[in-house]
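Structure first, then comments.
Below, read A as the first sequence line, B as the second, and so on, with proteins coming before strands; counting in each chain starts at 1. No experiment lies behind these values; they were computed from the predicted model shown.
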Amino acid sequence: MSILSKDYKNTLNLPQTDFPMKANLSQREPEILKFWEERKIYDRIQEKNQGKTPYILHDGPPYANERIHIGHALNKILKDIIVKYKSMKGFYSPFVPGWDCHGLPIEHQVDKKLELEGIKDKVDILEKRKHCKDYAETFVDIQKHDFWRLGVFGDWKIPYLTMSSRYVAYIVREFTHFVKEGYVYRKRKPVHWCPSCVTALAEAEVEYADKESPSIYVKFRVESIPEGKEILFDEFPRIEHYFVAWTTTPWTLVANLALCLHPAYSYHLVKVNIGQGRYEIYIIVGKLLDVCMKEFGFKSCRDKDVPDVGEYQVIATWGGEILEGIMCKHPFIDRKSKVILGDFVTVGEGTGIVHIAPGHGEDDYEIGLKYGLDIYAPVDDRGRFTKEAGELEGQFVFKANAKIIEILKNKNSLIKEERFIHSYPHCWRCKKPVIFRATEQWFISIEHNGLRKRCLEEIDRVNWIPRWGRDRIYGMVLNRPDWCISRQRAWGVPITLIKCDSCSGFIKEEEVFEGIIKSFEEKDADIWFIKSVDEFLPSGYKCKKCGGNSFSKEMDILDVWFDSGISHAAVIGIDKRLNWPADIYLEGSDQHRGWFQSSLLTAVGTKGKAPYKTVLTHGFVVDGQGKKMSKSLGNVVAPQEVIKSDGAEILRLWVSAKDYRDDIRISKEILERLTEAYRKIRNTCRFLLGNLYDFDYRDYSYALLEIDSKIDRWAMSRLQTLIETVTSAYENFNFHEVFHALYNFCVVDMSSFYLDVLKDRLYTFKPGSMERRVTQWVLYQILSTMTRLMAPVLSFTAEEVWQNIKQRAKSKEQREEDIEDSVFLASFPEVDEKYYDQELEKKWDDLFVLRSEVNKALEIKRAEKFLGNSLEAKVILYPPERYNALLSEYRDFLPAFFIVSAVEITDQSPDASYKSREIEGFEVKVEKASGAKCQRCWNWSESVGRFKEAPEICERCYEVISG
RNA sequence: GGGCCUAUAGCUCAGUUGGUUAGAGCGCACCCCUGAUAAGGGUGAGGUGAUUGGUUCGACUCCAAUUAGGCCCA
């Protein structure tokens, strides 16, 4: 007989662990990052899966300026979750991150810097490119660190950069392909042009913002009417007839070549009395007559034969179609303006008569081509009128508006002038209003070789998630114009074409192209600006067409969307480890127009196939109210801040908890909730670890059935359900289901039930008893499984737990070789059918309803101060008959199940019992448990006091201690 | 202005092909425990399903419009 201590606490097996409750993530994470780094975990994952089925997620390159924002974090974490999951599933899934390095924003920053230093005009293009390169490199490093800090695994040492020599050589190679196949052409076309940045802008580079512009109504005097149509204008030429056009860009009138009417609308001839016995006739679309006349200050003359001064009278109405071909006089230039027809004319505002300047508008251009009009644009690249514009030469177009209005007034061509605020295109960088201006540009034809049609067909072969992504990109590709690929800037990949100075033809010889590509590979794109044109040509080269021997290099650069668009070729296309096409692209939904599309166009153009099998899009990060983040609203959440205060893990949890298909909200409250959820998961792991402190890490699976521990079998079954749910969630990219399943498992199944019930067994049983060991084995299964299930999301914590398990197991000198060095080297859990027991779980659903009712009965007694701890209670159940079998099967387990000291079942309805509402006929009576409280296990028992050596403990405890 | 999308408790999410009183967890309130303790347990109160119409015997679920928000484009 041992000497019994009064301090029974020492005889208990209470949990022990050095796994801290407080995560201190912002400090612990860097240690874990260091661990991954030092142990080369990412590389070892790749080694381990080498030769297995590949699963390639191709990274869309973020732009290398600024620090990463929350959207970047969202995107990379989502990618990381997929890559880690696939890797643990045994797929070969290396992740090669990339950066988009060229383009205007960086050049802009460099320009600003050079301007500050006062040397902007002194640096040549090579020097400027050097500055740009340095700038990009700086931010690649910064962003790389930011991404790495999020716990994202990847080839951070060998990312792809669109400015690397190898990459630019591929850009040229792919571009050359388009040239050789005849896609590339050059033409004058109005493009968005920023006069401040002196460049053409892609559609993606244009932002719409409110701008105040003049709004003017201009008269175009009818000069001649086509033969046979004279009858339309009875009064002509006794009274002057005017087509009235409305515009908010007076300066484009300088390039006016036509007036456009809608063929199907009717137009009124309106006779107005302008005083002193003079009349004029205005032509205006019928639907806007009232509005316009009010604007102009004329009143209807009603039934009078002739309008008085300030009055108007409709004298005829004609369909737009019939007015085609009438010639007007330009209001202030000696030129004619032809009346033409177009469907794009609307009657939303204006006069239903659109002034057409084919060199300064998209619709104008299209209709101009149709009517064979000149694509006329007398404006230079800084937005100043050229000498073609006569007296306006040298004036900045927006400033010239006032002067033009003045001229119109003097020429009696202006009916009305006012200010007008409307949505107007602005440059995305300098935020200044842009103009439409016809310039020589390079294009990739979207119709050539049926490119559009082939792209549309490919779109239907891709798996778009969410499904509406298909409709979105389909509509965009269906309607998009040819791809303008030229930019008049310095920081980019040059359009490597060489022009013959005498015949203006471009050299398209394989030999020349290959030479250029080779020199790009050796140096980088700078070589185009370093070498003279002759150095790219064989010595003594003569133009094949005209025999000329003087050549010049094209100095435009390529649209950056072309750079990133060919990443499939430059990255996954050449890396032997990777597969083409990629299994998945994953970006924000804005990339339907951007990268998804440029990638599709280039891939279909050069390889005839989409570069991706699946395209997953996520929404945008918005604030707690669902509003977009902006500096002006002050609702921006910076990932660096969250990492600092809460840890990257919380950010990762946030990404996984939200359904990313929609907009993703982030707010202080959301982060607080997630931090709490994190703590719960962490504590559940900690408790599991604590109770494994003395586990021997032997396999007790055989004993699970042997000792028929139903609650452990239930737990194992629940665990299989969890594996199934989580796996299917990962497979379907429903990461928020991963979070919810894991979290609910921790809270509902584990913390509030299984672990709570288990405490008695874990703490009070003999350490080495079979019951306790089996339970510990189950706890170990649960912990190990949960850790692996959460690893793709909660990477830091999973690793921390894993290392803790490993350490413990090692100290037991058992199974050491079975526990991998990192959780990411372990395999993803698989459902083990042997533990899957649906029938058992169903039975337990019934038991849980009973338990919930017992709890209600206990709670009532607690409120009455009849009891505190539920172990003080004995419950008497009066169940409906259908529960009899179940209750008798589980008879011995019931006290533990309810965490009370005794359970009695009666067939007599007890007095003063709690009557269940959930289960009709079920009654629960709560009484004080008989006997006394055992000072060791805290259960109440009549056996307490029976043992002289230890009068304060119960029989069960006595046996444990004395045996 | 056009295209695509979203709208369920304070928060994050479930709700099978339209069919009883719309579920879960968190948070909140109250209580218990003090052997997971800057933890743990219990009970409870929270929803005119954005609004309005329509289809239907019946709508959170289908349709339309409106409102709010997001992305893309003009």
In the structure I gave you, are the side-chain heavy atoms of T764(A) and W938(A) within less than 4.5 Å of one another anywhere?
no
Please state whether the phosphate of C71(B), meaning OP1 or OP2, lies under 4.0 angstrom from any side-chain nitrogen or oxygen of K628(A).
yes
Side chains of Q776(A) and D694(A): any donor to acceptor distance under 3.5 Å?
yes
Phosphate OP1/OP2 of G42(B) contacted by K861(A) side-chain N/O (<4.0 Å)
no
Assign G46(B) to syn or anti; the rule is syn for a glycosidic angle within 90° of 0 and anti otherwise.
syn
Counting the atoms with a prime plus P, OP1 and OP2 as sugar-phosphate, which does K865(A) contact under 4.0 Å by heavy atoms, base, sugar-phosphate, or nothing?
sugar-phosphate
Whole Å only: how far is the CZ atom of F739(A) from the C1' atom of A24(B)?
12 Å
Check whether any side-chain N or O of K658(A) sits under 4.0 Å from OP1 or OP2 of U12(B), and answer yes or no.
yes
When you get a sec, tell me which of C31(B), G70(B), C73(B) is the closest nucleotide to the side chain of V622(A)?
G70(B)
Is it true that K668(A) and D646(A) make a salt bridge, defined as a side-chain N closer than 4.0 Å to a carboxylate O?
no
E672(A) has an atom CD; how far is it from atom C1' of G10(B), in whole Å?
12 Å
Can you check the distance between A45(B) and A39(B), where both ends of the measurement are the C1' atom (answer in whole Å)?
25 Å
Rounded to the nearest Å, what distance is computed from the CG atom of residue D663(A) to the C1' atom of nucleotide C71(B)?
8 Å
C60(B) and A14(B), which share atom name C1', separated by this distance in whole Å
13 Å
Picking from U43(B), G70(B), U12(B), which would you name as closest to the side chain of I670(A)?
U12(B)
Calculate the interatomic distance between R480(A) atom CZ and C72(B) atom C1'; express it in whole Å.
13 Å
Give a yes or no on whether a salt bridge exists between D590(A) and R593(A), defined as a side-chain N under 4.0 angstrom from a carboxylate O.
no
Symbol by symbol from the 5' end, with Watson-Crick or G-U pairs under 3.5 Å, [ ] crossing and | another strand, RNA chain B is (((((((..((((.....[...)))).(((((.......))))).....(((((..]....)))))))))))).
Scan side-chain atoms only and decide if R862(A) and N855(A) contain a donor-acceptor pair under the 3.5 Å cut-off.
no
If you measure from the P atom in A59(B) to the same atom in U51(B), how many Å do you get, rounded?
15 Å
Interatomic distance where CG belongs to N635(A) and C1' belongs to G69(B) [whole Å]
13 Å
When you check the phosphate oxygens OP1 and OP2 of C73(B), does a side-chain N or O of H592(A) lie under 4.0 Å from one of them?
no
To the nearest Å, how far apart are D623(A) CG and U12(B) P?
11 Å
Contact class for G475(A) vs. all strands (heavy atom < 4.0 Å): base, sugar-phosphate, or nothing?
nothing
Distance between the P atoms of A7(B) and U12(B), in whole angstroms?
13 Å
Check whether the side chains of R480(A) and Q597(A) place a donor and an acceptor atom closer than 3.5 Å, and report yes or no.
yes
For U8(B) versus A50(B), give the span between their P atoms, rounded off to a whole number of Å.
6 Å
Choose from C71(B), G41(B), C13(B) the nucleotide whose nearest atom is closest to any side-chain atom of R862(A).
G41(B)
Under 4.0 Å, counting only non-hydrogen atoms across every strand here, what does A657(A) touch: a base, just sugar-phosphate, or nothing?
sugar-phosphate
Assign D659(A) to base, sugar-phosphate, or nothing according to its heavy-atom contacts below 4.0 angstrom with the strands shown.
sugar-phosphate
Rounded to whole angstrom, note down the P distance from G41(B) over to G47(B).
26 Å
Of G619(A) and G624(A), whose nearest nucleotide on RNA chain B comes first from the 5' end?
G624(A)
Distance, rounded to the nearest Å, where H740(A) contributes NE2 and G25(B) contributes P
12 Å
With no hydrogens and no angle check, just 3.5 Å: does a side-chain donor-acceptor pair link D760(A) and N939(A)?
yes
Send over the distance from H618(A) NE2 to G70(B) C1', rounded to a whole Å.
14 Å
H355(A) and T252(A): side-chain donor and acceptor closer than 3.5 Å?
yes
With a 3.5 Å cut-off and no angle check, do the side chains of Y914(A) and E853(A) form a donor-acceptor pair?
yes
Within the modelled atom types, does a donor on one side and an acceptor on the other bring the side chain of R665(A) and the base of C11(B) under 3.5 Å apart?
no
A side-chain contact here means heavy atoms from C-beta on lying under 4.5 Å apart; do F436(A) and W193(A) qualify?
no
If you assign I899(A) and W468(A) each to the RNA chain B nucleotide with the nearest heavy atom, which residue ends up on the more 5' nucleotide?
W468(A)
Classify every nucleotide of nucleotides 33-39 of chain B by which part a protein heavy atom approaches to under 4.0 Å, writing B for the base, S for the sugar-phosphate alone and - for neither, in 5'-to-3' order.
SSBBSBS
Using the C1' atom on both, measure U43(B) against C33(B) and round to a whole Å.
15 Å
Between K928(A) and E872(A), does at least one N-O distance fall below 4.0 Å, as a salt bridge requires?
yes
F848(A) ring centre to R851(A) NZ or CZ under 6.0 Å, with the angle to the axis within 45°?
no
Can you tell me, in whole Å, how much space there is between the P of U61(B) and that of G19(B)?
11 Å
